[in-house]
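One structure is given here, and the rest of the page talks about it.
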There are 2 protein chains.
Amino acid sequence: MNTHQLEIFYHVAKFQSISRAAEALYISQPAVSSQIKKLESAYGVHLIEKNGQGIQLTAPGIQLYEIIRSFFENAIVSAESLLKNSSVLRISGNFLMTNFVIPQIFDHETNQANLIIKSTSSFNALTELKNGYCDLALISASSQPVLSADISVKKIFDDEIISVSKKPLEREVTSLIVSKSKIDVYKILEKNNPLFSHLPYTAVESTQDALSNININKNSATFISARFLKYFEKDYNYHYTGVKNGFYALYKSNNFHTDEILKLIEMIKSSTK
Amino acid sequence: MNTHQLEIFYHVAKFQSISRAAEALYISQPAVSSQIKKLESAYGVHLIEKNGQGIQLTAPGIQLYEIIRSFFENAIVSAESLLKNSSVLRISGNFLMTNFVIPQIFDHETNQANLIIKSTSSFNALTELKNGYCDLALISASSQPVLSADISVKKIFDDEIISVSKKPLEREVTSLIVSKSKIDVYKILEKNNPLFSHLPYTAVESTQDALSNININKNSATFISARFLKYFEKDYNYHYTGVKNGFYALYKSNNFHTDEILKLIEMIKSSTK
DNA sequence: TGAAATTACGCGGCCCGTAAGAATT
DNA sequence: AATTCTTACGGGCCGCGTAATTTCA
C-alpha cells in the first residue's frame, strides 16, 4: 500500500476535484491523475468516476476516504506541530470551553501563539487525547470520565445544567435535542420531570450541534451549562433543571508540557470562578 | 511531511530496531537508517538514540509514534482489505462476543474466510466503526449507545450481569476491577449494594483486561455477563447482581454489506437464544 | 470557448542496494 | 566474534512537468 498515493487520493476526495487537489499539493494536474490511476489499477478498483466536467467518488472511494481521512486531517497535522515546534500546546475541547472560556482567558494575555485550539465534541476530544492528537482535552460530562491509566483528570468546575429553547419551554417546545455529553442528564429528567417525559428526543454529537439544530427547528430545546447562559441569554428562554454537570481537564501523565498544562488549568479555574 | 518516512519510522518505533524494521519492510538496513536521518534532519529533532547495540526512542519519538500508530495499525490494514476484496466483512467486537459467540457460530459453517475479526474493548470497537475501520461493531453496554445519525443499532440480547472472582466474593475479595462498559452497573451497585459499597475499584478498558487482572490479583472481582459464565465457571466464584446489560450490533447505515451484516446479526441472535 | 481530465514522453531526484567501517556486548 | 547501526557511492525506478488531446458545459 503506497501512502503517497493515499495522500494524493485524500486530497482528490476532499475537493472532489483533481485540479483542486493538484493546487493544494503544489504539483501538476496530470501527476495527480496518474497517481490515482496507479492506485486504482494496483487493486483493480474504481475510486473516482467522471461526472460532467469534473469527477466524483465511487462507493469504494467514499469508504476509502473515510478510512484515511482522520490520519491526514488529525495525525499529520499533530505530527508536524510536534516536530516543528515542541512548545506548541494542542488543546481539543468542547464548544463551550473552546469558544467562550479559552478566548476570555487570553483576551489580555499574549502567549496564545503557542496554542492550537480545536473545537469539537467532548467525545471526540477524548479520542483525540487518547490518540495523541492533542495535549489537553477540555470536556463536560455528567459523570466523571473513565479513562486509561496514563491519563490524568482534573475537575475544573461543577455546573448546573439548564434547558434552553427559542420558545417558552413549558408550552411551545415539541422536541429535545440532546448532546452526547448530557445524555445522562436527559435520562434522569425523562424519568423524574413531567416537563421532559413526554418530549421525543434526538441525540447529536455536541452542544454546538444541538444549538445549531434549534436555529433550524425553533420548537426544540437542548441542555447547556448555566454558567454559559450569559453568552446566549438574549436569544434563548431557559428553565432550570437542577442537575449537575462537571467540566474536566484531561491530559496524558507523561506529557512534556505538564507544567504548562497545570498552569493553564489553574488559569481556567480562576477565570470561571 | 513525507508519509513514506513516517511509515518507515512507524516500523522502527514498533520494533525498537532498525534491522527488524528493515526486515518487515523488505528493504535494506541502511535504507531505513537513511530515511530516519532524513526525517530527523528535516525538522531538526532527534527521534531515536543509540542504546548499546541497538536504539531506543527519544521522548518526541515516543509521542510521534503514538500519533501515527493508529493509521498504520488500523487505517492501512482496513484500506487494504477494502481495496483487495470488498466482500470481506470487518468485525470489531468486545472480548466476550469475539472470543465466544462468533467462533461458536462458525464452528459448523465454512464462510469465515470472509471475516476479519478483531477483539478489543467496546469503546474502541465503537471508535473503529466511526472511523470506518470496521463494518460491524459488537459491543456490550449498560445503556443503549448514543451515536451519530449514520449509524444503525440493533439490540442482540439483554443479559444479567454477575460479579465473578477467584475467591468467595463475600469474604475474601478486597477490590473491584471494572471494565468501562460496565461502569454504570458499578455505580448502581456501589450505591445500593452493601457488598460492593466498601470495595475500592479500578477502571480498565475491557472485560478481558479485568479478567487478566484477576489472574494477577486473586483477591479482586469483576463483572461479566451471566450468559458467558459457562466459559469460566470452573475457575470463578460468582454472585448475581440483578443488573441488566445490553449487547448491541452497530453498523453504518450506508455500508455496502448491509445484507450480509443483517444476516450475521440474525445468526448471532438465534445462536445466543 | 473555457474548464477539467487524460494521454504521451522525457528528465531528474531520490530511494534503494552493496560494501566497508564503527561501536557495543 | 557477532550483532547492530552508520557512512559512502552508484544505479535504476518512478514521480513530476510540459505539451497536446479529449470531453463536457
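Proteins get letters first, then strands, A, B, ... in listed order; numbering begins at 1 in each. The analysis underlying the following values was restricted to heavy atoms, covering all of them including side chains, and did not include hydrogens, waters or symmetry mates.
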Problem - Chi angles and distances behind the side chain to side chain contact (heavy atoms under 4.5 Å, CB included) call for B/Leu115, B/Ile91 - result: CA-CA 7 Å; B/Leu115 300 181; B/Ile91 304 177; 4.1 Å; yes

Exercise for the section: Flag the pair B/Glu23 and B/Arg20 as a salt bridge only when some basic side-chain nitrogen lies within less than 4.0 angstrom of an acidic carboxylate oxygen. Expected result: yes

Problem - Distance, rounded to the nearest Å, where B/His4 contributes NE2 and D/dG15 contributes C1' - result: 13 Å

Problem - Presence of A/Ser28 side-chain N/O under 4.0 Å of D/dC16 phosphate oxygens OP1/OP2 - result: no

Problem - Which residue lies more 5' along DNA chain C, comparing A/Lys37 with B/Asn2 via nearest heavy atoms - result: A/Lys37

Exercise for the section: State, without any angle test, whether A/Ser119 and A/Asn99 hold a side-chain donor-acceptor pair at a distance under 3.5 Å. Expected result: yes

Practice task
Could you go through the side chain to side chain contact (heavy atoms under 4.5 Å, CB included) check for B/Glu49 and B/Ile55 one step at a time?
Solution key: CA-CA 6 Å; B/Glu49 57 194 5; B/Ile55 53 132; over 6 Å; no

Exercise for the section: Would you please name every residue forming a salt bridge (charged side-chain N to carboxylate O under 4.0 Å, His left out) with B/Lys118, sequence neighbours left out? Expected result: B/Glu128

Problem - Interatomic distance where CG belongs to A/Leu25 and P belongs to D/dG15 [whole Å] - result: 14 Å

Exercise for the section: Scan A/Ser19 against the nucleic acid and name what it touches under 4.0 Å (heavy atoms): base, sugar-phosphate only, or nothing. Expected result: sugar-phosphate

Show me, pair by pair, the donor-acceptor contacts under 3.5 angstrom made by side chains of residues 3-12 of chain A, not counting sequence neighbours?
residue, atom, partner, partner atom, Å
A/Thr3, OG1, B/Thr3, OG1, 3.0
A/Tyr10, OH, A/Glu73, OE2, 3.4
A/His11, ND1, A/Glu7, O, 3.0

Practice task
Find the distance B/Lys38:NZ to D/dT7:P and express it as a whole number of Å.
Solution key: 14 Å

Problem - Touch class at under 4.0 angstrom, heavy-atom based, for B/Ser34 against every strand present - result: nothing

Practice task
Please check if any side-chain donor atom of A/Asn124 sits under 3.5 Å from a side-chain acceptor atom of B/Lys130, or the reverse.
Solution key: yes

Problem - Stretch residues 48-56 of chain B: residues that reach within less than 4.0 Å of DNA chain D through a heavy atom - result: B/Gln53, B/Gly54, B/Ile55

Handout entry: Rounded distance (Å) that lies between atom C1' of D/dC14 and atom CD of A/Gln5
Key = 10 Å

Problem - Residue pair B/Asn219 / B/Lys166, side-chain donor-acceptor N/O under 3.5 Å - result: no

Fill in the blank from the handout: From the candidates D/dG17, D/dG15, D/dC5, the one with an atom nearest any side-chain atom of A/Gln35 is D/dG15

Give me, pair by pair, the N or O atoms of the protein and of nucleotides 8-13 of chain D that are less than 3.5 Å apart, along with how far apart they are.
none

Practice task
Applying ring-ring contact (aromatic ring centres under 6.0 Å, His included), name anything that partners A/Tyr231, two or more places apart in sequence or on another chain.
Solution key: A/Phe100

Problem - Range on DNA chain C touched by chain A - first to last nucleotide, heavy-atom distance under 4.0 Å - result: C/dG2 to C/dT7

Practice task
List the steps, then state whether side chain to side chain contact (heavy atoms under 4.5 Å, CB included) holds for B/Ser122 with B/Lys180.
Solution key: CA-CA 8 Å; B/Ser122 297; B/Lys180 265 191 197 173; over 6 Å; no

Problem - Interatomic distance where CD belongs to A/Gln29 and C1' belongs to D/dG15 [whole Å] - result: 16 Å

Problem - More than 12 heavy atoms of other groups within 6.0 Å of B/Lys167 NZ - result: yes

